[in-house]
Peer 1: 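Have a look at this one before I ask anything.
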Amino acid sequence: MNLQLTPEGRLKHLLTIDGLPRHLLIELLDTAQSLSNIALRANKKLPLLRGRTVMNLFFEASTRTRTTFALAAERLSADVVNIDVSTSSTSKGESLLDTLATLHAMHCDMFVVRHADSGAAHFIAEHAPEGVSVLNAGDGRHAHPTQALLDVYTIRRHKPDFSALTVAIVGDVMHSRVARSELLALGTLRVGELRVVGPRTLIPPGLEEMGVRVCTDMAEGVAGADVIIMLRLQRERMRGAFLPSEGEYYRRYGLTPERLKLAKPDCIVMHPGPMNRGVEIASEVADGPHSVILEQVSNGLAVRMAVMAHILGAQVPVMEAA
Amino acid sequence: MNRILIRGAHARFPHLGIDRKADVLFEPGRVLALDPPAGAENGARIVNAQGCWLLPGLVDLAARLREPGASYKADIHSEANAALLRGITHLVIPPDTEPVVDSTAVVELILRRAREARGATVHVIGALTRGLGEESLSEMAGLRAAGCIAVGNIGRPMANHALLRRALQYAASLSLPVHLQSVDPWIGADGVAHEGRVSALQGLPGIPETAETLALARDLMLVEEAGVTAHFGRLSTARGVAMLAEAKARGLPVSADVVMPNVFLNEHDVMPFRAAAHLKPPLRTVADRDALRAALANGVIDALVSDHQPHDRDGKLRPFPSADPGASGLDSFLGLGLKLIQEGLLDVTRWIDRAALAPRRILGIGLPELSEGALPDFILVDPGHEERLLPETMLSRGRNTPFAGWVLPGRVLLAAIADRFYLR
C-alpha cells in the first residue's frame, strides 16, 4: 500500500487514506488551513504550480467534484484539462491503459481520476509513467480520500479535539467510498467514538472488528453525537433490493429536527452532497444552524489545493487570515 | 529405436504396492517391462533416473483450454501440451465453453482437436442442461455416446431447483456421474472477493460464504434424493467442507476437490488490488484455508485441481473488479503439490492419491499399470529441483498466476501417456 509514498515518505500519489501516516494527514490539513485564506483575497491565484498540467479524468459523470478539482488546480496556476471519459473512448472499447497512454502523450503532471471500479486509481498509479502522479477523486466503493480530508478538516475547524468526539456516519456505508475513507481518516485522528448507522443491508461486515460501533437504530446512533455525517442514498438502492422504499428509509433513518435533538446541542451536521432532501435529510436540518454542508464545499477547495501542491512538490507559504 | 529405458528411478505407485527402485522399459503406446532383464535395453534410449521419482501421471479435474470460444486466450493444442510437459497426463474440460458442451458436435470437435494436439489426454464434461440454462435437460445419453465422461453445471450457477432435480434423476438413470459446482445464482452474484473484512475495507463487492453453502445444501439433498454419484468441484469454505464430510459419513456417493490457490492463499492476498488474485471461487479466510488443508489431509476432500483458467494479458490488465477472474494453473500444479509435501501437510503417498489416483477413481478411468502391455501413463520427476515460477517461462498461453515469484520444487523430466511422450 506504499505505492502512494515516495521513499522519503512524501506523497507521490493520493489513492487512499489507508496507510497515510498521521503526521502527513495533519500536515495536509495545516496546509489547507493556510491556503483557505487566499480564497478571501481579491487575487485568488497563487503561482505555485505554474507550468504544470493537471488532467481531470472522469470515467464516471460528476460536475461538482470535477469543478472543485479544476478550480483548485487553477488557483495554483496549473493548466487544467478536463476529459469526460465516460462518454468517450472507453465506451468505444478502448482499454483503460490505451486511454491513459494516449492522454499521457499530452505530457501532464497529474491525473485526477474518478472511476466506477474499486481499485481503479491504484491500477492507474501502478501503470502510470514515471513522473505522473495520480489523485484519486473516487474509485468505486473503495476510497474518496480528498472528501475524507475535507470532512475531517471541517470537523477540526469546529471541534479540534478529536479524542473527545463521537462521530456518527449514517446511511449507505456499504456502497460508499466516502464513508470508507472517513472511517480511516477519523481512525487515524483517534476519534473518541465512531459509529455507523443504517440497516444491515447497507452496512458491510467486519466494522465492529475495526472498533466501529454499528447501530441499526437511528435514535441510538445519533444520541449524544458531536458530528453527524449523512451519506447520500443512491437512487438505485431504493428500488426494493436493499431498502423497501424512500419513505420507509426516511422514517427510520432520515435526519429530522426531532432526531437532531438527541445529539449534543452543538452538534454539526455534514453531507458530502448532493443531498436528497426528504430522503436522508430534512430541509430544516440541511439549511439549519447545525449544518456545515456549504462550508464543506468551500473547504474542499482548500484541501484539494493542499493535496495537489504537496504531491507536485510546491512549498506552500504560511498565510495568515486577512 | 523408439524404446526408452528409465533406469534407477524411485517408482511410487501406491495402488500397485510399488515403492522402490525400479527400471521401466517402454515404447510409445506400450509398457514393455518393469525391471527388464539385463540386455533388454539394447538399442533403447536410456534415461538415467537416479534420485528421481517415477509416478502415475497427474490428473487435473478442471482445466479450461479456451477452445472453442476464446482461442485468443489459449487453445487445446497449447494447453494440452503445456499440461503434459508439466506432468499432467489427463485433464478434464468443464462444459462452459462457447458454445457450451451440450451437443455431440462440440464434444467431437474438442476430442478431435485434442487428438491432433498430442498432449495430455483430454476428457470432457457435458452440460447438465441445454445451454447450461434453466429450461431443459441436455441429451445426456447422446453426450456420453460422443465421449463425455460425466455431465455437470461447472462454471454456471443453477437457479431452477426443479430442473436441477430432474437433471440429476435423469443422469442417475443413465448411471452417469455428475460434476457440480455449488454456487448460488443470486447471493454474491456481483461479487469479486470473499465478503469479509478485507472486501469491506477495500470496497469490493463480496461473495459471502452462503453463496457456496446454500447451493451446496440444496445440491446435496437433490443428489441424495436422486441417488446419483456426484463430484463437488472447487469447495472454498470451512462450512462447505463440514457439510460434505457429513454427507460422506452418511454414505452418500460424493467426492470433492479444492483448487490450489484456496489451499495456499487467503482473502488478504487480494490486496493491494492484485488482479492475479481475482479468483472464483474467491480466496477466503485463513480459517477456511486451514479447514480446506485439513480436509485435504484427512481425505474429506478427495482431489486437488488446478482449475486452470488462462487469460490473455488484457484480461487481467484492468482494475480489480473488471479483471477476468481465474488463474492459469497447469504450470504450478506439480510444484504446489510437492510444496504441500515440503510443508508436511501431505506425505508422498497421500499427495499421489489426491493429485493422480483419486481423480482417476472419480472419473472412472483405470489406474496406471507398469506391467507388460499396459498403456504408459506415468511421469518422471526430479523432486530436488527448485525453480522460480515466472510468468514469462510458463508454458500455458495464460500467464495469469497469483504464485508468480514463488520458488516451487520439482521438474518433469519425462511424461508418457499412451502413444505420446515428452522427454526433457
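So that the names make sense, note that chain A is the first sequence line, chain B the second, and so on, each numbered from 1. Just the heavy atoms: all of them, side chains too, but no hydrogens, waters or symmetry mates, feed the values below. It should be emphasised that the depicted structure is a prediction, and the values quoted were computed from it without experimental measurement.
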Peer 1: Counting neighbours of CE on B:Met221 that are heavy atoms of other residues, nucleotides or ligands and sit closer than 6.0 Å, is the number greater than 12?
Peer 2: no

Peer 1: Any donor-acceptor pair under 3.5 Å linking the side chain of A:Arg180 with the backbone of B:Ala200?
Peer 2: yes

Peer 1: Looking at B:Pro321 and A:Ser118, what are the two nearest heavy atoms and their distance?
Peer 2: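 In this case the closest contact between B:Pro321 and A:Ser118 is CD-O, 3.0 Å.
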
Peer 1: Mind checking the CG-CG spacing from A:Leu183 to B:Leu201? Nearest 0.5 Å is all I need.
Peer 2: 8.5 Å

Peer 1: Going from CG on B:Leu204 to CG on A:Asp117, what distance comes out if it is rounded to the nearest 0.5 angstrom?
Peer 2: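 Here the interatomic distance stands at 9.5 Å.
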
Peer 1: Are more than 12 heavy atoms from other residues, nucleotides or ligands located less than 6.0 Å from atom CZ of B:Arg239?
Peer 2: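 No.
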
Peer 1: What distance do B:Phe273 atom CZ and A:Leu3 atom CG have between them, rounded to the nearest 0.5 Å?
Peer 2: 11.5 Å

Peer 1: Given a strict heavy-atom distance threshold of 4.5 Å, which part of B:Pro205 is in contact with chain A: side chain, backbone, both, or neither?
Peer 2: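 For B:Pro205, the contact with chain A is made by backbone and side chain together.
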
Peer 1: Quick check on B:Arg313: does its CZ atom have over 12 non-hydrogen neighbours (other residues, nucleotides or ligands) under 6.0 Å away?
Peer 2: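 No, not enclosed.
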
Peer 1: Would you name the heavy atoms of B:Glu195 and A:Pro205 that are closest together and state the gap between them?
Peer 2: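 Heavy-atom minimum between the residues: CG-CG, 3.7 Å.
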
Peer 1: Tell me, yes or no, whether the heavy-atom count around A:Glu130 atom CD, taken from other residues, nucleotides or ligands under 6.0 Å, exceeds 12.
Peer 2: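 Not buried by this count: 12 neighbours or fewer within 6.0 Å.
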
Peer 1: For A:Arg177, is it the side chain, the backbone, both or neither that has a heavy atom under 4.5 Å from a heavy atom of chain B?
Peer 2: neither

Peer 1: CZ/B:Arg197 to CD/A:Glu208 distance, rounded to the nearest 0.5 angstrom?
Peer 2: 11.0 Å

Peer 1: Working to the nearest 0.5 angstrom, can you tell me the gap between B:Arg274 CZ and A:His122 NE2?
Peer 2: 11.0 Å

